[in-house]
Structure formats: structure tokens, C-alpha cells
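Each chain gets a letter, A, B and so on, in the order the sequences are listed, and its residues count up from 1.
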Protein chains: 2
Amino acid sequence: MNSSRPVTIKDIARRFRCSPSTVSRALNDHPAINEDTRKNIQEYAKEVGYQRNEVSLSLLNKKTASLGVVVPTISNYYETAVIEGLHTVLQPMGYTLNICVTNESYLLEKESLSKLLSNRTEGIFLSVSQETYDAGYYEHLENVIQRKTPLIFIDREYEDFETSRATVDDYHGAFAAVEHLISIGYKQIAHLKGPNGLTVSEQRFKGYINCLKKHNMPIREELILNTNFNVESAILPTKRLLELASPPDAIFGVNDQVAIGAMRVAKDKGLRIPQDIGLVGFDNSPISAYTFPSLTTVHRPGRKIGMEASRLFLNQLNGSGDFAPESIVLPSELVIRESSLRI
Amino acid sequence: MNSSRPVTIKDIARRFRCSPSTVSRALNDHPAINEDTRKNIQEYAKEVGYQRNEVSLSLLNKKTASLGVVVPTISNYYETAVIEGLHTVLQPMGYTLNICVTNESYLLEKESLSKLLSNRTEGIFLSVSQETYDAGYYEHLENVIQRKTPLIFIDREYEDFETSRATVDDYHGAFAAVEHLISIGYKQIAHLKGPNGLTVSEQRFKGYINCLKKHNMPIREELILNTNFNVESAILPTKRLLELASPPDAIFGVNDQVAIGAMRVAKDKGLRIPQDIGLVGFDNSPISAYTFPSLTTVHRPGRKIGMEASRLFLNQLNGSGDFAPESIVLPSELVIRESSLRI
DNA sequence: ATATCGAATGCAAACGTTTGAAAAAATTTC
DNA sequence: GAAATTTTTTCAAACGTTTGCATTCGATAT
């Protein structure tokens with residue numbers, strides 16, 4: 001029972017009738033320690049499985065080597081890709097990642113951040129939740145900034161903070177996607193938009209609109225409907241689109257999930273893709289290459305985003321006092337597959 | 001610059017010319033504190049954004065409220081589902097999850113565990129890496145057990161440890177999958193096996209073998225090839241299978257990824273699925289429902305596994321001294337789709 | 001024999017918080 | 001106005017580790 005208490009430096013000191021300082025120095029190969037003492041102590045420590053209590057060190061040095069990652073969800077491919085990217089860079093540097101999932105809830109986001117600050121996390125990667133944006137609150141962020149804890153926005157962001165951020169060029173990706181549909185010859189292009197207010201949604205929406213404008217195509221309000229980033233949320237809106245008197249001949253979904261939902265509905269209605277209706281998604285999730293027909297989409301480099309975000313964090317950390325926030329915008333890339341290739 | 005140092009209880013005490021104890025008690029609504037004092041201190045604390053240093057508390061109470069999750073990867077659907085399940089139960093209880101990715105490497109696994117122990121993590125969920133099993137080392141685990149840190153195995157496990165574990169009934173899932181193929185009328189059923197040694201691989205393999213035996217079907221060694229759980233690793237083995245003088249008329253893949261890899265190769269060879277060759281996977285990952293044809297598979301309840309594992313952890317934590325490890329085995333369930341439905 | 005030096009070790013403070021026990025202050029009682 | 005009582009506050013130790021400075025102990029040089 002008692003054996004479960006971890007061995008401390010004091011325990012070892014008692015055993016050798018010496019002071020904790022000596023043990024500490026012996027374990028850390030301090031030169032001023034007698035060779036024999038050092039060897040004996042190190043051997044004994046190994047034998048009893050001594051493991052330095054990093055908590056006490058954290059307190060002493062005010063360094064925790066832990067970072068917070070606050071994301072709306074981890075069940076999407078993209079988010080895990082980002083986390084993997086963060087991991088790739090930061091785990092080898094000794095950082096520990098504390099993953100917090102907000103489920104798109106403002107309250108959970110607030111609590112997560114508060115918890116991370118209490119735990120003296122050394123940096124926070126944040127992709128804000130949908131509710132947060134809707135609510136328009138950002139006191140919980142003020143808090144982080146006041147602490148001068150490096151805060152890196154990932155993808156979803158607030159425009160009005162002096163922080164670093166890593167985002168994908170959603171605007172041009174969307175623009176390219178829609179332009180591709182136009183070039184194929186689609187005339188009535190609908191958009192299944194993401195939730196209002198989020199930068200991601202709005203940028204893609206803007207790309208859609210501006211591309212239509214550029215090509216002098218009419219913007220039909222009834223062809224723009226909101227969805228929620230997941231498959232289910234696309235079902236009803238797509239049905240409504242296809243039941244219109246003048247239905248669209250192509251749909252640009254805010255992400256792959258939504259496009260796949262639309263694909264389902266279209267197939268159920270007996271429409272042929274891409275002959276009767278063209279489809280484009282966004283994300284280039286692995287699944288998009290295996291749907292039937294395979295889905296034209298816009299590649300979003302999640303792993304790279306994670307790695308870039310790490311870099312931004314490290315820059316801010318090592319930056320001397322006069323730190324200037326950086327914004328990294330990675331290009332997105334159109335991936336043309338079958339779902340839009342009407343000949 | 002200086003403003004970034006977090007406000008401490010001592011700072012507040014100085015401000016009110018009182019002792020830290022008073023501040024601490026005031027903040028914690030201790031009854032023995034004067035109402036006015038309490039209010040003033042609380043107000044001021046809020047104003048300056050005081051946030052309790054949990055690190056110091058961890059040291060004092062020997063409780064860190066953090067748990068380790070050590071997994072080979074997070075880029076598969078199943079793993080993230082498990083993590084989500086863990087999250088669902090444990091985040092509301094105030095636990096923080098430290099995710100460590102081993103990339104199937106023994107060394108990384110060892111280091112991760114060591115780090116988690118040093119950080120005085122209160123429990124560890126472990127899905128052992130492939131290399132670890134191959135190497136046969138388990139000293140790093142002895143260490144965890146010696147510390148009496150609750151260790152919960154997830155899916156991949158060692159047989160010979162007295163720990164709790166949550167696994168899916170791979171054996172019967174595989175058995176059902178193969179039996180389904182047989183019932184449809186497939187005669188030459190190949191198996192793309194996972195890496196040798198891992199329980200997951202071996203159980204599914206055993207299900208495959210025993211089902212063939214039960215139905216008096218010959219076991220052809222050349223129809224059993226190893227893969228690595230990912231799409232790419234299935235390509236070559238499948239090619240070899242299809243180039244045999246007497247090729248299989250069905251393939252049971254160790255997971256969906258592998259089955260999808262096989263599907264790719266089969267289609268490239270001009271084979272029709274399920275008419276010319278039947279395919280079954282394992283996992284019921286979201287992608288499996290959207291491949292063409294959709295993939296027959298075995299559902300593996302990742303979220304549930306995560307939640308059950310949490311329960312096991314909590315049991316062990318709250319259990320009085322005489323703790324007996326539990327093994328939870330969740331049933332897997334055959335999901336029949338198009339890839340095996342030859343009429 | 002004593003001063004000097006170098007090597008090895010110990011002391012004490014610090015990180016931020018909580019908490020039982022003691023002390024101080026305020027209030028009540030006679 | 002003093003004693004008793006209650007309310008409020010402070011003291012000190014503890015958690016585990018590191019580290020500048022002081023100390024001790026031999027040994028060497030004078």
C-alpha cells in the first residue's frame with residue numbers, strides 16, 4: 001500500500017544520511033559531487049525507480065512544458081490532422097499537449113481556457129467555437145492575453161486581436177472551386193454555407209459570391225442555405241434546393257461532409273453526378289477520394305497548419321519583448337475529381 | 001513586461017496588509033472570514049484576474065487531475081472515437097487529457113510513459129505500440145504498475161498483466177464477418193492480416209481460421225498475408241493475391257483501410273465488387289459507408305470503449321485497497337453493405 | 001604547527017497554496 | 001471593568017526540487 005508513494009529525493013537522502021541537495025546534485029551530474037557518492041546515489045535511484053517530480057519543478061521554475069489545444073471537435077479528419085502537426089513539432093521538444101474539446105460551446109471553451117491558465121500552460125492553440133462567435137464574448141480571451149500566454153489562433157479566428165494565427169486561404173480556395181464549376185459549364189451554382197459569423201464560413205462564402213460576380217452570373221439568394229459542417233445538416237437544405245422550381249445544377253459545399261450529404265440526397269433522387277448535378281467540397285479529407293463518384297474538393301493542409309502554428313508559438317516564445325504577431329496563410333489547392341467532371 | 005507575472009495570493013495579501021492564509025480562506029469562502037474582508041478580497045481578485053496556481057496545489061495535494069492517453073496514432077477514425085469517449089466522461093469531472101502519440105515506436109512509448117509518471121499523471125490509458133509487442137519489453141510498464149498508477153489497456157493489450165482492460169470482441173466479429181461471406185457463397189476467402197503478435201490482429205485471425213474450420217473449408221496459407229493497418233500496406237499483398245493461379249473470390253481485411261486498399265486494387269484490375277470478389281473490412285469507420293460499393297464491415301464501438309475505459313479507471317481509483325482488475329469486452333457487430341452482397 | 005586551499009557537502013530560501021493550531025481582536029456577560 | 005466567549009486573523013509547516021552561499025573536512029604548503 002505504502003509502496004505506491006513515489007520515492008523522493010528526501011527518501012534517498014535519508015538512506016544515504018546526506019542532504020537532499022547532495023542527492024539532487026548527484027542525480028544531475030553536478031561536478032562538485034564525489035564520484036563515488038554520485039555513482040552510489042544514481043544506482044540506488046535507478047534501483048528504487050526514482051522519478052523526478054516534475055510538478056515541484058514546474059512550481060519552482062514556473063515552466064510547465066505543457067500546451068493547450070482547444071478545438072471544437074476531434075472527430076473530424078481536419079482537426080486531428082492539425083493536432084498531429086502540432087504533435088510532430090512539439091512532442092520532440094518535450095511539450096505535452098492538453099487537448100480540450102469544446103463541442104462548439106462557449107461555456108466549455110471559457111472553462112477550458114480558464115483551466116489551462118490555472119494549470120499554467122505555456123501556450124494555447126485555439127480554434128474558437130461557433131457559439132463563442134455568435135455570442136460575441138471574448139473576455140475569456142482578454143484573460144489569456146493579459147497573462148501574456150502565447151495564443152495562436154487556428155483557422156477560426158477573431159479579427160480584432162493582436163495575436164498570431166495560422167489559417168488556410170479559404171477565400172481563394174472557394175473562388176477556385178466555383179470558378180472550376182463555371183469553367184465546366186455549370187450555370188446555377190448553389191452554396192451550402194457554414195454557420196454564419198465564423199471566418200471559415202464567411203471567407204468561403206465570399207469566394208463563392210465574388211467568383212459569381214466576376215463571371216457576371218446572377219446571385220440567387222434561394223441557392224444559399226446554411227449548414228453545420230456535418231453530413232446530417234446538409235440533408236434538408238439539399239432537399240430544399242432540389243425541390244426548387246429552378247433547381248441548381250451544381251452545389252458547392254462548405255466542406256466535404258456537407259458535400260457528401262448533398263451527394264447522398266442527389267443520388268437518392270436519382271440524379272447522376274456529375275452529369276445532372278456537379279458537386280464540390282472542401283477539406284480533401286481521405287474519404288473524399290473514395291466516395292462514388294470521388295469528390296472534387298479543395299485541399300486544406302491540416303498537418304501543415306499544425307506545424308506552422310507550432311512555429312508561430314515558438315517564435316513568440318523566443319521573441320524578445322518587442323513581439324509582433326504573425327499571420328500565416330497557407331494556400332489551399334483545388335483537387336479535381338469525378339464529381340464535377342461533366343464532359 | 002512585468003505585468004505578465006500572474007497575480008499570486010501573496011500579492012493580494014500585501015495589497016490588503018493581511019496574511020496569505022486570510023486571502024486563501026477568503027477566496028475559498030471559508031466561514032471564519034469576515035464578510036467584508038471576503039467581499040473585498042474576492043472583488044479585488046476578480047479585478048486583477050487572479051487565477052489559482054494549480055501547480056502548487058498539485059504539489060501540495062499530490063493530485064494533478066491529469067490523465068495520460070498513449071496511442072499509436074490519432075489519424076485513424078477509431079482512435080479519435082476512443083479519445084472522444086474518454087473525453088466525454090472525464091472532461092466534465094475535471095480531468096485533463098494528455099495525449100501522447102507513439103507512432104508505433106517502442107522508444108516513444110517508453111518515453112511517453114516515463115514523462116507521464118514524472119508529471120504525476122493519475123492514470124494512464126494505453127494502447128501498446130506495435131514495436132513494443134515485437135520487442136517484448138515491458139519494463140516501462142512494470143514501472144507504472146509499481147507506482148500503482150491505474151493503467152487501463154485499450155484494445156491492444158498484454159495478456160500477462162493484472163490490469164483492467166477494455167477491448168472489442170474481435171474474435172466473434174471476425175468470425176461473423178467470415179461466416180457471412182461463406183453464407184453468401186464465397187469459397188476462397190483470403191485474409192489480409194494485421195501485424196503479427198498484436199492481440200487485435202491475432203484475434204481476428206483466429207476468428208477467420210476457426211470459422212473456416214467450422215465450415216470444413218480448407219485453409220490456404222497463401223491466402224493469408226500481413227498488412228499494417230493502413231491503405232498502402234494492403235496494395236502489394238492484394239496484388240499478390242489476385243495474381244495467384246487460383247485467386248480468392250473474397251477478402252477479409254483486418255480493418256477498413258486495408259479493405260479499401262484491396263478494393264482499389266481489385267477495381268484497378270477490372271474486377272466487379274461484389275460479383276467477382278467480395279470484400280469485408282473491420283471498424284465501421286465513416287468512410288466505409290461511402291466507398292463504392294459501400295463496404296461491409298464490423299462495427300467497433302470506439303466511443304463506447306473510451307467511455308468504458310473511463311469507467312474502469314474510476315472504479316480502480318475509488319476501489320478500496322482490494323482492487324480486482326476488470327476486463328470489459330464489448331461486442332462487435334456485423335454491418336452488411338454492398339461489397340459482399342453478391343446475389 | 002598553522003595558514004591556505006580545494007573538494008565535498010549542508011543550509012536555507014524559494015516556487016504558491018492550504019490548513020490545524022495558536023494568537024489576537026472584538027464582543028458579550030456579569 | 002474584568003472575565004469569558006466568540007470572531008477573525010496569523011503562524012508555521014508541508015508538498016519536492018534546485019541553487020547560491022556557507023561550512024566542513026582533509027590535505028598541502030609554509
Side-chain angles (χ1 to χ4, degrees), chain A residues 2 4-42 44-45 48-66 115 117-122 147 149, chain B residues 2 4-42 44-45 48-66 115 117-122 147 149:
Chain A
N2 200 358
S4 72
R5 193 178 63 82
V7 179
T8 73
I9 262 189
K10 285 184 184 174
D11 297 329
I12 302 181
R14 217 165 359 238
R15 159 75 171 67
F16 282 92
R17 294 177 206 289
C18 69
S19 74
S21 344
T22 302
V23 178
S24 169
R25 283 195 255 257
L27 292 174
N28 292 322
D29 289 326
H30 192 286
I33 292 292
N34 182 286
E35 185 60 17
D36 287 342
T37 317
R38 191 185 63 73
K39 209 188 275 179
N40 287 334
I41 290 183
Q42 286 191 356
Y44 180 75
V48 296
Y50 168 79
Q51 240 162 334
R52 205 219 233 122
N53 185 334
E54 293 289 347
V55 176
S56 75
L57 257 196
S58 292
L59 181 58
L60 186 61
N61 298 334
K62 301 174 185 237
K63 300 230 163 151
T64 55
S66 73
K115 188 127 192 277
L117 286 183
S118 275
N119 287 335
R120 298 301 188 261
T121 299
E122 291 179 40
R147 275 272 193 301
T149 299
Chain B
N2 201 357
S4 72
R5 192 178 63 83
V7 180
T8 73
I9 261 188
K10 285 185 183 173
D11 297 329
I12 301 180
R14 222 170 350 245
R15 160 74 171 65
F16 282 93
R17 293 178 208 289
C18 70
S19 73
S21 345
T22 303
V23 177
S24 169
R25 289 195 169 96
L27 292 174
N28 292 321
D29 289 325
H30 192 284
I33 293 293
N34 183 286
E35 186 60 17
D36 288 343
T37 318
R38 191 184 63 75
K39 212 188 272 177
N40 287 335
I41 290 183
Q42 287 191 356
Y44 180 75
V48 296
Y50 168 78
Q51 238 161 334
R52 204 220 236 123
N53 184 334
E54 293 288 348
V55 177
S56 75
L57 257 196
S58 292
L59 181 57
L60 187 60
N61 299 332
K62 304 177 184 231
K63 299 229 163 154
T64 53
S66 74
K115 189 126 190 277
L117 286 182
S118 275
N119 287 335
R120 298 301 187 259
T121 301
E122 291 180 40
R147 275 271 194 302
T149 300

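- At a threshold of 4.0 angstrom between heavy atoms, the contacts of A/Thr8 are confined to the sugar-phosphate backbone, with no base atom among them.
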* **A/Thr22/A/Ser19 under side-chain hydrogen bond (donor to acceptor under 3.5 Å, both in side chains): CA gap, chis, key distance, verdict** => CA-CA 5 Å; A/Thr22 302; A/Ser19 74; 3.2 Å; yes
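- In the interface, the side chain of A/Arg25 is paired with the base of C/dG10 through a donor and an acceptor atom under 3.5 Å apart.
- Computed from coordinates, the A/His30 NE2 to C/dG10 P distance equals 14 Å when rounded to whole Å.
- Between the side chain of A/Asn119 and the backbone N or O of A/Thr121 there is no donor-acceptor pair closer than 3.5 Å.
- Put simply, CG on A/Asn34 is 15 Å from C1' on D/dT24, counting in whole angstrom units.
- In this entry the distance linking CZ of B/Arg52 with P of C/dT17 reads 9 Å, nearest Å.
- When atom types are taken as modelled, the side chain of B/Ser118 and the backbone of A/Glu54 share no donor-acceptor pair closer than 3.5 angstrom.
- Atom-to-atom distance recorded for A/Ser56:OG and A/Asn61:CG is 9.0 Å, nearest 0.5 angstrom.
- In terms of phosphate contacts, B/Ser21 brings no side-chain nitrogen or oxygen within less than 4.0 Å of OP1 or OP2 of D/dT10.
- B/Leu60 places its CG atom 15 Å from the C1' atom of D/dT17, with the value rounded to the nearest Å.
- OP1 and OP2 of D/dT17 both lie 4.0 Å or more from every side-chain N or O belonging to A/Ser56.
- Both B/Glu35 and B/Asn61 lie near DNA chain D, and the one whose nearest nucleotide falls closer to the 5' end is B/Glu35.
- When the side-chain nitrogen and oxygen atoms of A/Asn28 are compared with OP1 and OP2 of D/dT18, one or more of them lie within a distance under 4.0 Å.
- A/Leu59 places its CG atom 9 Å from the P atom of C/dT17, with the value rounded to the nearest Å.
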* **Verdict with reasoning, B/Arg14 to B/Asp11, per salt bridge (Lys or Arg N to Asp or Glu O under 4.0 Å)** => CA-CA 5 Å; B/Arg14 222 170 350 245; B/Asp11 297 329; 2.7 Å; yes
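- Atom CG of B/Leu60 is separated from atom CG of A/Leu59 by 10.0 Å, given to the nearest 0.5 angstrom.
- Between A/Arg5 atom CZ and D/dC15 atom C1' there is a gap of 11 Å when expressed in whole angstrom units.
- For A/Lys10 and D/dC15, the shortest distance from a side-chain N or O to OP1 or OP2 is below 4.0 Å.
- Axis orientation changes by 70° from one end of the helix from C/dA1-D/dT30 to C/dC30-D/dG1 to the other, with each end axis drawn from 5 pairs and the value rounded to 10°.
- Remark: C1' of D/dT18 and NZ of A/Lys63 are 15 Å apart, rounded to the nearest angstrom.
- Phosphate proximity of C/dT9 to A/Thr37: present, with a side-chain N or O under 4.0 Å from OP1 or OP2.
- Contact annotation: B/Tyr50 side-chain N/O to C/dT17 OP1/OP2 distance is under 4.0 Å.
- For the pair A/Asp36 CG and C/dA7 P, the interatomic distance rounds to 16 Å; values are reported in whole Å.
- In this model, the phosphate group of C/dT18 is approached by a side-chain N or O of B/Ser24 to a distance below 4.0 Å at OP1 or OP2.
- When all heavy atoms are compared, the tightest approach of A/Ile41 to A/Cys18 is CD1-SG, 4.5 Å.
- At the heavy-atom level, B/Arg17 lies under 4.0 Å from the strands shown only through sugar-phosphate atoms.
- DNA chain D is contacted by both B/Pro20 and A/Asn53; B/Pro20 maps to the nucleotide lying nearer its 5′ end (nearest heavy atom per residue).
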* **Audit row: A/Asn28, A/Arg52, side chain to side chain contact (heavy atoms under 4.5 Å, CB included) steps and yes/no** => CA-CA 11 Å; A/Asn28 292 322; A/Arg52 205 219 233 122; 3.8 Å; yes
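- Side-chain nitrogen and oxygen atoms of B/Lys62 include at least one within less than 4.0 Å of the OP1 or OP2 phosphate oxygen of D/dG16.
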